[in-house]
Every structure is written in C-alpha cells, then in structure tokens.
Amino acid sequence: MARARVDGNGRKRLVTTVLVLVIVGALFYLYSRNTASSSIEYGSKSVKDVGWKGDESSSVTEGGDDSAIPKTIPVCDDRLSELIPCLDRNLIYQTRLKLDLALMEHYERHCPMPERQYNCLIPPPPGYKIPIKWPKSRDQVWKANIPHTHLATEKSDQNWMVVKGEKIVFPGGGTHFHYGADKYIASIANMLNFPNNNINNGGRLRNVFDVGCGVASFGGYLLSSDVLTMSLAPNDVHENQIQFALERGVPAYLGVLGTKRLPYPSRSFELAHCSRCRIDWLQRDGILLLELDRLLRPGGYFAYSSPEAYAQDEEDQRIWREMSDIVGRMCWKVAAKKNQTVIWAKPLTNDCYLKRAPDTRPPLCKLDDDPDAVWGVNMEACITRYSDQMHKARGSDLVPWPARLTAPPPRLADFNYSTEMFEKDTEVWQQEVGNYWTMLGNKIKPDSVRNVMDMKANLGSFAAALKNKDVWVMNVVPENGPNTLKIIYDRGLLGTVHNWCEAFSTYPRTYDLLHAWTIFSDIIEKECSPEDLLIEMDRILRPKGFIIINDKPSVVLSIKKFLPALHWQAVAISGVEQGSDQGKDEAVLIIQKKIWLTSESVRVSE
C-alpha cells in the first residue's frame with residue numbers, strides 16, 4: 001500500500017507539471033501572438049494576386065478581385081516604433097547570423113526572410129507631434145518624436161544636443177568642434193585658402209561625404225554655404241543619431257564602412273570628412289581609405305580631425321606614420337595640416353599611379369572593374385583609376401554650382417545620352433512638378449515639405465525641378481536599371497542605390513514626400529509584393545506627409561483601393577477619368593498620410 005501511495009503521488013506531480021508547462025506554453029503563445037506574430041502571418045496573400053499587372057487582361061476594372069483587398073492592415077507592437085527591417089539587430093540575434101564584428105558586418109544590411117517580415121503598420125511613439133518646420137528644425141526637435149536622451153548625457157561635454165523641456169536642442173557642437181560647426185567649417189576653408197573662408201570655393205565644392213557624422217551638425221551647417229552633405233553613420237551604440245539628423249531636416253543615411261561598397265558611385269564628392277569617427281583606417285591594407293578614394297573626385301580632399309593627426313603619445317604617432325605611408329602610396333598629398341586637423345588631396349590625373357613601382361601596394365584595380373557597381377558588391381583593396389576623359393580633363397570637368405544643376409555633365413556619354421536628351425528630361429520634369437503642385441493646391445504650404453525622396457530618380461530632373469523650394473531630395477536609383485546615380489551626383493545632388501523589393505535603410509517617419517514614378521510597375525515585373533512596398537512607404541513617410549504615385553492607370557486604381565486600410569487619403573487623382581487605361585501611359589494619384597496613434601500610445605502619452 002505504501003508503494004501504491006508513492007506511485008500515486010508521483011503521477012499527480014507529473015500531471016501537475018505537465019499542466020503547468022501547457023499553461024506556460026499557452027501564455028507564451030498568446031504573448032507572441034499579441035506582440036507581432038499575427039502581423040508576420042498577415043500578408044501571405046500578396047497584392048500581386050489582386051489584379052496588379054496593369055495590362056488590359058488583368059486590370060482591376062476588368063476582373064480584379066476586390067474581395068482580396070484588406071479592409072484593415074494590422075498595427076505593429078508599440079515596441080517596433082523604430083523598426084528598420086534590414087538593420088534590425090534583434091533579427092541578427094534571433095537568426096544567429098555568423099558575422100565578423102571586427103569588420104562591422106553586424107551593421108550592414110541583413111534583410112528578413114518573408115516569414116519573418118512584420119507586415120504591419122509601424123506606430124508612432126507616444127505623444128508624437130508633427131515635426132518642427134525647417135529651418136527651425138536644424139536647431140531643435142520634439143523630444144516625444146525621438147524619446148532618446150542618452151546622447152545628451154554621453155556627449156554633454158561636446159555640445160551634440162541638450163534636453164530643454166519638451167524639446168531637444170542642437171547647439172551645433174560635435175566630437176571635434178565643441179564650440180560650433182560653423183567656426184570649424186570656416187577653419188577648414190581657411191586651411192585650403194578658399195576665398196573669404198567660404199567652404200564652397202566659388203561653387204566648385206558642392207558634394208561632401210561625412211563619415212561617422214553623429215547627429216549631422218557638420219552637414220547641417222554646411223547647407224547655408226550651398227554645400228550638400230551625405231551624412232553617414234551606422235545604427236550602433238549611438239543609435240538614433242541618423243534619426244535625429246533626419247528629424248532635423250538634414251540629409252543623412254544609415255550605413256557603415258564595413259565589407260561592402262557604400263551605395264554611391266565613384267567620383268561623387270569633392271570632400272570627405274571624419275571628425276574622430278573611430279574608424280580603423282589601417283585595417284585590411286587600408287581598404288576603407290581606398291573606398292573613400294573611390295568616392296572622391298579628382299583633386300578631392302579628405303579632412304581628418306583626430307588625435308593621430310596631432311597627439312604625441314607613441315601609439316598615436318605609430319598610427320600616424322602608418323596612415324601617412326598608406327595614403328602616400330595612394331598618391332595623396334598633404335594639402336594642409338594645422339592644430340588638430342590634416343587635409344589630404346587626391347591627384348588630378350593617373351600620372352602618379354602609373355609612375356609607381358610595379359609591385360607597389362595597394363595595386364590599381366583591374367581594368368574590367370566597374371567602380372560604379374555598388375549594390376551588394378564587396379570592397380576591393382585597390383585604387384580606382386580615372387577614366388580617360390577625367391585623366392585628359394585633369395579633373396571632373398564640372399561647372400560650379402548652381403550652374404552645375406542644369407549643365408549636361410560629361411559622364412552623360414557613359415550612357416550614350418545626348419545633351420538634347422538631358423535638356424528635354426529636365427524640361428519635362430519641370431512641367432510635371434508644376435502639375436503636381438497644382439494638384440496639391442492648398443494642401444501643401446511652403447514649409448510643408450523638407451525631406452523628399454524620389455524613389456526612381458533616373459537623371460535627377462525631378463529633384464532639379466524643386467530647386468526653388470526649401471527641400472533636399474534623396475534620389476534613389478534602382479539597383480537593376482541604368483546606374484545613372486553618377487549623373488545625379490554630377491548635378492550637385494545626392495542619392496543612393498536601392499532594391500525596392502527590400503526595406504530602405506532609414507528610420508520610420510523620416511520623409512515628408514515620396515515620389516513613386518513607375519515603381520509599382522517595376523515591382524510587379526520583378527514579381528515582388530506591391531503590398532509590402534505600400535507598407536514600407538508608410539513606414540518611411542511622416543504623418544501628414546505626401547505620396548505622389550505616377551504609374552499606369554490600372555495600377556493607380558489598384559493602389560487607391562488600399563488607402564482606407566493604410567489610413568491614407570486621396571488628395572487628387574488624374575488620368576483615370578474613365579477607369580481604364582484608354583491608351584494613356586500614366587495616371588497620377590496624390591495621397592496624404594493621416595496622423596494616428598495606437599490606443600497604447602494614447603494611454604502612455606496621457
């Protein structure tokens with residue numbers, strides 16, 4: 001009998017243990033469902049199943065399945081309010097990707113597989129407000145929009161940012177310029193003997209690349225000199241620095257000098273800048289310096305403010321000697337060195353490269369290497385030589401800004417584009433942008449828009465047509481089309497290469513206007529999901545921001561049916577009067593994103 005009682009007690013304990021495990025498992029399942037797994041499951045039916053092709057046999061008006069249009073799209077968990085799908089460190093941890101941390105691979109793009117995508121709308125943080133308008137936004141933003149104040153504490157001695165009540169204020173300081181970026185910029189111009197200490201050098205210096213930019217005060221203060229800066233930083237321990245930059249209305253991009261080429265063409269910048277950017281320039285035979293070399297124009301400068309340039313301790317002096325040796329073998333010369341800053345200059349021609357000893361390292365890149373191929377391409381530890389045209393011209397042969405914006409650039413010849421084609425494209429987009437603004441009417445004010453993205457920029461003529469508006473444009477060139485991004489940079493504009501089947505490298509709520517010219521037709525042709533692209537555009541766009549869709553009429557009509565589910569509203573539409581293509585090539589739909597908060601956001605903000 002005693003044995004039976006023991007066995008009975010054992011069975012009871014076993015049953016109790018099993019029940020507890022079942023309950024815990026059920027609770028975990030429900031929790032995971034609530035926190036986003038339901039959003040992952042959503043979207044198994046792609047929008048391309050809903051009559052998106054845009055030809056007559058499949059247009060929405062002739063048999064598209066309207067029943068497949070979602071009435072609602074789920075909202076992501078509030079904890080995903082700053083999600084960057086392809087730069088998601090949680091994804092890296094969860095999938096246990098084997099990445100080389102020393103090479104910064106964990107800060108490069110790693111996009112989720114379809115089954116791990118959050119097919120849901122990213123909510124704004126509690127208390128979100130419409131951003132402060134430019135130019136005031138350069139110096140202050142709402143704390144509720146980016147509720148992260150650790151940089152104010154960590155960089156308090158460097159004047160990066162200061163918390164003042166409901167706002168975060170940017171005094172203009174940086175790691176190396178505590179007393180203001182404006183004075184530091186003037187000192188660089190003075191070192192280079194530019195007239196009147198003006199960094200734009202009479203319009204000859206227009207495009208700047210700032211690596212390890214912090215909150216982009218350097219680029220923000222260059223704007224008043226008609227200098228446009230691509231400010232670059234990773235989503236690292238100083239997270240949100242690029243988010244702050246974009247909230248301020250300053251051009252910026254999430255990226256890192258790691259193993260892949262940066263998504264910019266060769267010969268794009270007159271000046272590269274690093275202010276204590278904590279980059280190991282000596283690694284891998286100077287491969288990161290060689291990436292800067294690829295990006296710099298003939299005669300371009302690299303301004304380097306760092307302890308190695310002036311410190312007297314043994315380690316800094318060793319780094320300085322080795323760095324000087326590498327750039328010397330790259331044919332760079334010291335243009336100026338003063339106090340804590342050194343400025344190197346690239347050669348104007350290939351002459352120095354060709355005079356080097358045969359076995360000199362780094363070597364010249366192979367003749368068949370395309371220096372403008374960047375999407376997913378590994379960096380190479382080699383020197384990119386100039387084209388014959390640049391070598392003969394002893395420089396990039398570009399006219400000064402602002403004439404540069406409309407002057408046909410020499411590299412047009414790389415695409416067999418004539419001057420007439422370039423001028424016609426500029427004229428067409430001038431008219432198109434005028435039509436857009438007419439359609440927008442009183443919905444748009446002079447200060448409504450600051451950060452603009454052209455999702456398929458071609459030659460950059462959409463951006464050029466905005467020259468009289470106080471905006472900047474991120475010109476995006478699709479990775480699988482003509483790589484016209486170098487033409488865009490030669491016009492004095494900025495941009496990047498991207499594949500719109502994937503999420504863009506930016507924080508949520510960072511652009512005021514998205515221009516989507518035939519992007520949806522391209523996505524359908526690539527057999528990617530237009531629905532995913534709509535959700536991604538919602539992630540990128542600020543509340544109250546605008547989308548201009550210029551595409552086939554049937555595609556435009558299909559998108560229009562998704563507006564209620566996305567909390568978007570139509571502002572104006574043209575080119576679809578009779579509901580079908582009717583021989584027309586394009587229709588235009590202008591959309592405005594509504595401002596909304598989740599119930600949790602409202603509860604927390606109250």
Side-chain angles (χ1 to χ4, degrees), residues 78 80-84 87 122-155 159-174 181 210 212-224 228-236 238-255 447-453 470-474 494 496 504-514 537-546 593 595-597 601 605:
D78 282 349
L80 297 176
S81 69
E82 294 175 355
L83 176 69
I84 312 164
L87 294 170
I122 301 295
Y128 181 85
K129 299 181 180 182
I130 298 300
I132 294 169
K133 304 299 183 183
W134 180 266
K136 290 182 178 179
S137 63
R138 189 196 71 170
D139 302 324
Q140 55 185 337
V141 302
W142 295 115
K143 183 173 67 175
N145 292 6
I146 310 178
H148 301 282
T149 58
H150 59 282
L151 283 176
T153 304
E154 184 180 341
K155 303 291 184 179
N159 283 323
W160 277 33
M161 48 189 264
V162 178
V163 179
K164 290 189 176 181
E166 294 185 338
K167 295 178 180 177
I168 293 175
V169 176
F170 301 89
D210 187 16
C213 65
V215 293
S217 288
F218 182 73
Y221 277 76
L222 281 169
L223 287 165
S224 60
L228 206 52
T229 305
M230 179 63 79
S231 298
L232 182 89
N235 185 22
D236 61 6
H238 295 147
E239 60 181 304
N240 307 105
Q241 52 191 337
I242 292 298
Q243 190 178 15
F244 279 118
L246 290 166
E247 184 76 7
R248 298 173 69 184
V250 177
Y253 186 82
L254 276 165
D447 62 355
S448 295
V449 172
R450 172 62 185 169
N451 300 353
V452 178
M453 180 186 291
D470 211 354
V471 303
W472 69 272
V473 182
M474 179 66 79
L494 297 179
T496 185
F504 192 77
S505 295
T506 192
Y507 283 89
R509 303 171 300 280
T510 44
Y511 285 86
D512 300 297
L513 189 150
L514 306 179
M537 291 168 72
D538 183 82
R539 185 186 73 87
I540 294 172
L541 190 65
R542 287 172 169 171
K544 295 291 187 179
F546 297 94
K593 179 179 175 178
I595 186 167
W596 52 270
L597 293 172
S601 294
S605 62

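In this text, all values refer to a predicted model and were calculated from it rather than measured experimentally. Count residues from 1 along the sequence.
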Identify the two heavy atoms, one from Arg450 and one from Asp512, that lie closest to each other, and give their separation to 0.1 Å. N-OD2, 3.0 Å
Centroid-to-centroid, Phe504 to Tyr253, below 6.0 Å? yes
Which atoms form the tightest heavy-atom contact between Ile84 and Thr506, and what is the distance? CG2-O, 3.5 Å
Which heavy-atom pair separates Ser217 from Arg248 by the least distance, and what is that distance? OG-NH1, 3.0 Å
Exactly one candidate in Asn451, Ile168, Ile242, Asn145 meets side-chain contact (heavy atoms from CB on, under 4.5 Å) with Glu247; the answer is Asn145
Set of residues satisfying side-chain hydrogen bond (donor to acceptor under 3.5 Å, both in side chains) with respect to Ser81, sequence neighbours excluded: none
Residue pairs passing the salt bridge (charged side-chain N to carboxylate O under 4.0 Å, His left out) test where at least one lies in residues 122-140, sequence neighbours excluded: Lys129-Glu166
Can a donor-acceptor pair be found, under 3.5 Å and without considering hydrogens, that links the side chain of Trp142 to the backbone of Ile130? yes
Compute whether any side-chain donor of one residue and acceptor of the other, for His148 and Glu82, lie under 3.5 angstrom apart. yes
Check for a donor-acceptor pair, side chain of Arg509 on one end and backbone N or O of Ile122 on the other, with a separation under 3.5 Å. no
With sequence neighbours left out, write down each residue that passes side-chain hydrogen bond (donor to acceptor under 3.5 Å, both in side chains) with Thr496, or none if nothing qualifies. none
Quick one, Leu254 and Tyr507 - any side-chain contact, counting heavy atoms below 4.5 Å? yes
